[in-house]
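In what follows, a structure is listed as structure tokens, so that the remarks can point back to it.
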Amino acid sequence: MRIEQDIKLGFKDVMIRPKRSTLKSRSEVSLVREFTFLHSKFSWSGIPIMAANMDTVGTFEMSKVLSKHQMFTAIHKHYLIEEWKFFADNSNESIFDYVSVSTGIGKSDLKKLEQVLEQVPQLKFICIDVANGYSEHFVDFVKKVREKFPSKTIMAGNVVTGEMVEELLLAGADLIKVGIGPGSVCTTRIKTGVGYPQLSAIIECADAAHGLGGQIISDGGCAVPGDLSKAFGAGADFVMLGGMLAGHDESGGEQIEVNGNTYKEFYGMSSKTAMDKHQGGVADYRASEGKAVRVPYRGAVEETIKDILGGIRSTCTYVGAKRLKELTKRTTFIQVSEQENRIYTE
Ligand code: 5GP
């Protein structure tokens, strides 16, 4: 056993220090970024914010709205092949720059992935997602998918440490999903004691990925727009959101009325609710590592998107970053023991 003594930080432990700036207005800030991915060599341009591949967030409906803003949706893996075909037949070609098909690493997952890609060859992105990206089996799966689909852009995770980011990039992934335990409906830290504070995970993983020419996606833990700014400031190339995009018209999940208030269902993909729905229950040998909650219904996602993008633009003006790309370079974090004043929120 050993203990690492240096303190690892989460979003709640820091703020971004303001800096002298020549920017006059938020409207001068561009959030669009351009990347050429390591293996696929695909040149992508857009606002690097992603909806998570959860069936209550990463829906076709969500992708139609987000893609209008050049934002990305990792479509959840539970759509049927016919539903994918219908989506492809009823969308314009450009949407495929902003959606991925998702897969787990089981035999049936691979088979379904192959079928979807055969039926919808326009798909450019594949998201290979497991709760624990540290297994050799996962790395082998990434290698296999890379061999089968050399021109697709592969997102893979989740991991939280530099050596595993490097291993996955070398195995053929282009983008590495970073985050174990920070998610709003995740109970991994409670059930297993395993995790890594997200800000430190980003800083360390971004360094490893950029050294090899890859990119990272900070996945989980953002509760307010300022958290996305902190993630980008720490070096995240993309930020993935679950809870912040839940509860909208475009989110999946049942709508529920309780005492005259409207809520929408939101649950972790490893929750009992999700496993009952998609896998016929929680297998005997495992514990669920996610929870199910009701979130207040929030209407169209468009307003939330404006709020998020406005917040990040404003961060950029506080530190003098004319483009999102410059935010990391212009970020100095201060370690703090307070965040917002909550006198009127509790
Ligand atoms: P959020 O933005 O809601 O904080 O986090 C979203 C992320 O939480 C997802 O992209 C995914 O990585 C993670 N997640 C989703 N469902 C579960 C779950 O059931 N258990 C765990 N451990 N993580 C989950």
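One-based numbering, in listed order, for ligands and for the atoms of each.
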Q.
In this structure, is the centre-to-centre distance between the rings of Tyr79 and Phe87 below 6.0 Å?
A. no
(Q) Just checking Gln279: does its CD atom have more than 12 heavy atoms from other residues, nucleotides or ligands closer to it than 6.0 angstrom? (A) yes
**Q.** Aromatic plane relationship, His78 with His278 - under 30° parallel, 30 to 60° tilted, over 60° perpendicular
**A.** parallel
Q. Measuring from each atom of ligand 1, which residues have a heavy atom under 4.0 Å away?
A. Ala52, Met54, Asn158, Gly183, Ser184, Cys186, Thr188, Asp219, Gly220, Gly221, Met240, Leu241, Gly242, Gly243, Gly268, Met269, Ser270, Ser271, Glu289, Gly290
Q.
Suppose we screen for salt bridge (Lys or Arg N to Asp or Glu O under 4.0 Å). Which residues come up paired with Glu303, at least two apart in sequence or across chains?
A. Lys306
Q: For residues Phe42 and Phe35, establish whether the separation of their ring centroids is below 6.0 Å.
A: no
Q. If you measure from the Lys or Arg side-chain nitrogens to the Asp or Glu carboxylate oxygens, is any gap between Arg342 and Glu340 under 4.0 Å?
A. yes
